[in-house]
Every structure is written in C-alpha cells, then in structure tokens.
Amino acid sequence: MPTQQRIVMLVDLDYFFAQCEELRNPSLKDKPVVVGMYSGRTAESGAVSTSNYLARKYGVKSGIPLFLAKKRLEGLDAVFLPVDYNYYEQISDRIMQILRGYADAFEQVGIDEAYLDVTQHIHGDLEEAKALVSQMKAAVKQAVGVTFSVGVGPNKLVAKIASDMHKPDGITVVEPEGVDAFLSPLPVDSLLGVGKKTVQKMEVLGVKTISDLAKYDVQKLVDIFGKTLGVYFHNAANGINNEPVQEAGEAESIGRMGTLKENTRDLAVIMVKIDQQIEEIYQEFTQKDLNYKLVGIAAVMTDLSSKSRSKTLDKPAKDKETIREAAQTLFDNYLNESTLEIRRVGVRVGNFSKEERQQKQLTSFFGH
Ligand code: DCP
Ligand code: CA
Ligand code: CA
C-alpha cells in the first residue's frame with residue numbers, strides 16, 4: 001500500500017431530524033423546533049430526539065425529557081413534533097447518493113453521517129479539499145435543501161472530531177502537521193468509544209485530556225481495557241488511525257436485528273432474543289463454512305438513538321457459545337454505560353477471513 005497521506009472527510013448533517021421538519025414546513029424556521037420520541041405512557045412522556053439551533057439556545061437538546069423541554073420553551077412559540085423516521089431516511093438517502101459521487105471510497109454511518117476518502121479525487125491537496133466541500137454543500141443545498149458540517153483530516157478519527165467543531169454549516173480542516181495540537185487539549189470522551197464509564201476509569205488514572213492519554217503507558221492501558229481497546233485508545237490519542245473508508249459490505253458480517261416484545265434493561269430478557277438470533281446466524285455461517293473472529297452487538301434505545309459494540313477474539317471461532325458469551329459481556333457493559341431502555345437488539349459475527357483484518361472498522365462500530 002502506498003504511504004501517501006490520506007484525506008478523509010466526515011460529513012454530519014446539521015440538527016438532522018429537526019432540519020428535515022423545517023424542510024417540509026419552512027414556516028418552522030424561526031421557531032424553536034423539538035422532535036420527540038413519545039413513549040405513549042402519557043401525552044408528555046418521552047425524550048427529545050433532537051431540536052433546531054433556536055431551541056438549543058434554551059437548553060433543549062437530544063436526550064432530555066420532553067416535559068423539561070416544554071418547560072424550558074414555555075411562552076415561546078415552540079413546535080413539538082413526533083419522530084418520522086421514514087421521511088428522514090428518504091432525505092438521508094438522497095443526500096448520501098449525491099455525496100457518494102464526490103468520494104473515492106464512501107462509508108455511511110447511521111442516518112446522518114458519512115465518511116468520504118477523497119485522496120485521489122483532489123490529488124492530496126488540502127486547498128482543493130476546501131473547494132470540494134463548497135461544491136458538495138452547494139450541490140446538496142440545491143438538490144435537497146439541507147446543510148451539513150464537515151471535518152477534514154488525515155484519517156477517520158480526526159475527521160470525525162473535526163466535524164463537530166463548527167456547527168451548523170461549518171467546515172474544519174486539520175492538517176497532518178496540526179493533528180497533535182488539535183487533539184491534545186480535548187477531553188478523552190471526544191474519542192469514539194470513550195463513554196462515561198471509560199471516562200471515570202481514566203480519571204482515576206489521572207488521564208483527562210487526549211494529551212494525558214497519548215503519554216500514558218500503552219501496556220498499562222492494555223492491562224486495564226484489554227488488547228483491542230487499549231491499543232485503540234493509545235493509537236487514537238496519538239492521532240493514529242488506519243481504518244479504511246469502506247462501504248459496509250454485505251459479506252463482511254452476518255447479523256440479525258429485531259424488536260424486543262417490550263422495552264427493557266433486563267439482560268436476561270435481551271439474551272432470549274439474542275439467542276434466537278444467534279441460532280439463525282449460526283445456521284448461515286455454518287452453511288457457508290466460515291470462521292468468525294469478531295462478535296458485535298447493536299442496540300436501539302427508546303429515543304431511537306443506536307449504539308454498537310464489538311469484540312475481536314484472540315483466535316477464530318465457529319461455535320455458538322463464543323458468540324453468546326461475547327454478546328452477553330458486550331450488552332452487560334453497555335447497560336452499565338447507558339440509562340435508557342432498549343427497544344431493538346442485534347448481534348453479528350464478522351472478520352471471516354484470516355489475514356490482515358484485525359483492527360478494521362472500529363470507528364464504524366462505535367459510530368451511531
Ligand atoms: N438522535 C436521537 N436521539 C439522540 C441523539 C440523536 O434520536 N439521543 C437522532 C436525531 C438527530 C440524529 O439522530 O437528528 C442525528 O444525531 P446527531 O447527534 O448528529 O445530532 P443532530 O444532527 O440532531 O444535531 P447536530 O447538528 O449537532 O449534528
Ligand atoms: Ca448531525
Ligand atoms: Ca451524527
């Protein structure tokens with residue numbers, strides 16, 4: 001592989017669900033708009049999925065209870081709307097289709113984000129990258145009417161963090177020489193995969209910023225977090241991330257996703273569903289005579305946010321028990337990190353081939 005410096009972008013659509021609502025009803029634009037996931041228990045119960053930037057000025061943001069959002073927006077001409085996922089997905093599909101045309105390699109992550117590797121397209125020139133982003137923004141604005149923010153950097157990790165710096169309708173470019181200065185002062189939870197629990201563990205170690213983490217002994221990180229995560233944290237903090245931008249391929253993994261009978265945080269209930277899914281997956285990869293080296297889980301919460309986690313095994317396996325054990329541990333850890341109830345769950349196995357696939361795709365699994 002050539003060692004040419006890559007140029008990777010992360011495109012993140014601005015206040016996405018709320019922007020979609022503004023798109024079909026432009027009169028919403030000068031009002032606070034809140035898109036909520038109504039749980040149905042009472043007219044008011046549920047959580048905010050997202051809000052437009054006007055509503056955010058009053059402290060209304062993703063995850064807070066709807067009744068609190070109502071309170072914070074009292075007396076203002078605020079509009080509350082239920083999540084219309086199918087509509088947002090149609091908008092997203094149209095945008096992704098346009099963006100795909102600008103990339104050498106394209107990888108959609110969730111409904112409102114995509115990575116683009118544009119190294120060849122712009123001959124490795126960062127100035128050209130800025131011009132390309134202007135073109136992309138104009139094209140999407142004209143065809144769909146939606147704005148987004150972009151991070152540009154030498155890899156997925158830096159691009160992702162950069163995309164969050166100037167919102168909405170922003171662009172942040174991090175040059176290869178600027179990566180250390182860019183990352184150093186940020187808190188560790190800016191890194192994908194560093195959740196509340198990990199932040200607490202790291203704080204005990206005296207590690208608060210990415211710079212602290214970059215200097216921390218890698219062997220100790222491995223002892224504490226395991227090999228995959230320990231090495232990932234060490235590399236990530238040092239701005240190193242070689243994961244390719246690549247379309248989530250069908251053949252890359254075999255998995256199942258399904259809705260639970262009722263929302264729950266009970267591991268035993270979740271595992272009943274997962275066991276059924278493992279049974280199906282097992283049939284499929286046994287038929288294809290595959291060994292797997294990675295087990296992943298996914299969960300969709302009651303507010304429709306989704307999370308995935310995965311574990312790379314020390315060696316390839318082909319039995320059911322290993323999947324079950326890994327999935328159970330992953331869900332157990334995940335439940336400790338989140339307070340939301342779970343609505344849908346899934347499990348998958350992957351990394352079927354034996355060569356050079358170990359460290360791939362970590363950011364996509366963490367992504368949402
Ligand atoms: N979402 C959700 N519940 C959450 C977080 C997000 O339902 N707790 C949904 C609604 C968001 C969409 O996912 O519109 C994308 O999430 P982002 O985190 O990218 O947030 P936004 O796009 O809403 O805002 P931003 O402009 O900050 O990207
Ligand atoms: Ca977004
Ligand atoms: Ca996003």
Step by step, work out the side chain to side chain contact (heavy atoms under 4.5 Å, CB included) result for Val109 and Lys160.
-> CA-CA 11 Å; Val109 185; Lys160 168 78 183 168; over 6 Å; no
Between Thr302 and Met37, is a side chain to side chain contact (heavy atoms under 4.5 Å, CB included) present by the stated rule, with each step listed?
-> CA-CA 8 Å; Thr302 40; Met37 186 65 204; 5.6 Å; no
Run the side chain to side chain contact (heavy atoms under 4.5 Å, CB included) check on Phe285 and Ile323 step by step: do they pass?
-> CA-CA 12 Å; Phe285 75 75; Ile323 310 177; 3.7 Å; yes
Taking it one step at a time, do Asp84 and Glu21 satisfy side chain to side chain contact (heavy atoms under 4.5 Å, CB included)?
-> CA-CA 9 Å; Asp84 180 356; Glu21 296 296 346; 4.2 Å; yes
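Salt bridge annotation for Glu107-Lys156: present, with a cationic side-chain nitrogen under 4.0 angstrom from a carboxylate oxygen. Ion pair Lys167/Asp14 not flagged as a salt bridge, since none of the NZ, NE, NH1 or NH2 atoms sits closer than 4.0 Å to an Asp/Glu carboxylate oxygen. With respect to Lys71 and Glu74, no salt bridge is recorded, no charged nitrogen being found less than 4.0 Å from a carboxylate O.
Using the six-membered ring where Trp is involved, Phe17 and Tyr88 have ring planes that are parallel, under 30° apart on the 30 and 60° scheme. In this structure, His121 and Tyr102 have parallel ring planes: the angle between them is below the 30° cut-off, well short of the 60° mark.
Proximity of a side-chain donor or acceptor of Ser184 to a complementary backbone N or O of Ala181 within less than 3.5 Å is not detected. Judged by distance alone, the side chain of Ser51 and the main-chain N or O of Val60 form a donor-acceptor pair under 3.5 Å. Without hydrogens or angle criteria, Arg309 side chain to Leu330 main chain gives no donor-acceptor distance under 3.5 Å. Using modelled atom types, one side-chain atom of Gln277 and one backbone atom of Val345 make a donor-acceptor pair closer than 3.5 Å. With hydrogens and angles ignored, the 3.5 Å screen pairs a side-chain donor or acceptor of Arg265 with a backbone N or O of Leu340. Between the side chain of Ser45 and the backbone N or O of Ser39 there is no donor-acceptor pair closer than 3.5 Å. With hydrogens and angles disregarded, a donor-acceptor distance shorter than 3.5 Å links the side chain of Tyr292 to the backbone of Asp319. No donor-acceptor distance shorter than 3.5 angstrom exists from the side chain of Arg344 to the backbone of Ser306, with no hydrogens or angles considered. No donor-acceptor pair under 3.5 Å is formed between the side chain of Asp275 and the backbone N or O of Val272. Counting only distance, with no hydrogens or angles, the side chain of Glu89 and the backbone of Ile91 share no donor-acceptor pair below 3.5 Å.
In terms of heavy atoms, Ala237 sits closest to Ile210 at O-CG2, 3.4 Å. Nearest heavy atom pair, residue Val347 against residue Ala327, reads CG2-CB, 4.2 Å. Residues Asn241 and Asn155 share a closest heavy-atom pair of O-CB, 3.1 Å. The heavy-atom pair separating Leu23 from Gly145 by the smallest distance is CD1-O, 3.6 Å. The heavy-atom pair separating Thr119 from Arg6 by the smallest distance is OG1-CA, 3.5 Å. Contact record, Ile98 with Ala139: CG2-CB, 4.3 Å, taken as the closest heavy-atom pair.
Val204 places none of its side-chain heavy atoms less than 4.5 Å from the side chain of Lys201. Residues Thr286 and Lys318 have side chains not in contact (no heavy-atom distance under 4.5 Å, counting atoms from C-beta outward). Considering only heavy atoms from C-beta on, Val173 stays 4.5 Å or farther from Val150 through its side chain. Looking at Glu113 and Ser163, their side chains never come closer than 4.5 Å, going by heavy atoms from C-beta outward. Contact of the Leu132 side chain with the Met136 side chain is registered, since non-hydrogen atoms from C-beta on lie closer than 4.5 Å. Side chains of Leu54 and Tyr15 form no contact here, defined as non-hydrogen atoms less than 4.5 Å apart. Using a 4.5 Å cut-off on side-chain heavy atoms (C-beta onward), Val179 and Pro154 make contact. Side-chain contact between Ile7 and Leu126: present, with at least one pair of heavy atoms (C-beta onward) separated by less than 4.5 Å.
Put simply, Tyr38 and Tyr85 are part of two different groups of oily side chains (I, L, V, M, F, W, Y) that touch within less than 4.5 Å, one to the next. A continuous path of ILVMFWY side-chain contacts below 4.5 Å connects Phe225 to Val199, so both sit in one hydrophobic cluster. The hydrophobic clustering, which links ILVMFWY residues whose side-chain heavy atoms are closer than 4.5 Å, places Tyr87 and Val79 apart. Cluster membership for Ile278 and Leu313, using ILVMFWY side-chain heavy atoms within less than 4.5 angstrom, is shared. Val152 is not connected to Ile240 by any chain of hydrophobic side-chain contacts under 4.5 Å among Ile, Leu, Val, Met, Phe, Trp and Tyr, and they are in different clusters.
If you run salt bridge (Lys or Arg N to Asp or Glu O under 4.0 Å) between Glu279 and each of Lys320, Lys273, Arg256, only Lys320 comes through. Under the side chain to side chain contact (heavy atoms under 4.5 Å, CB included) test applied with Arg343, the options Leu260, Asp303, Leu304, Thr264 reduce to a single match, Leu304. For the side chain to side chain donor-acceptor pair (under 3.5 Å) criterion with Gln19, the lone passing option out of Thr50, Asp112, Thr147, Asn52 is Thr147.
Residues Arg324 and Gln328 bring a donor and an acceptor atom of their side chains to less than 3.5 Å of each other. Side chain to side chain, Thr329 and Asp332 fail the donor-acceptor criterion of an N or O pair below 3.5 Å. Judged by distance alone, the side chains of Gln219 and Asp223 do bring a donor and an acceptor atom under 3.5 Å apart.
The environment of Gln97 atom CD is sparse: at most 12 non-hydrogen atoms of other residues, nucleotides or ligands sit within 6.0 angstrom. The number of heavy atoms from other shown groups lying within 6.0 Å of CG (Asp314) does not exceed 12.
The distance from the CD atom of Gln5 to the CD atom of Glu177 is 8.0 Å, given to the nearest 0.5 Å. From Leu290, atom CG reaches atom CD1 of Ile254 across 5.5 Å, with rounding to the nearest 0.5 Å. To the nearest 0.5 Å, atoms CG (Asp169) and CZ (Phe148) are separated by 8.0 Å. Ile297 CD1 to Phe331 CZ: the interatomic distance, rounded to the nearest 0.5 Å, is 4.0 Å. Here CG of Leu183 is found 10.5 Å from CG of Leu213. Values are rounded to the nearest 0.5 Å. With rounding to the nearest 0.5 angstrom, the CG atom of Asn351 is 6.0 Å from the OG1 atom of Thr312.
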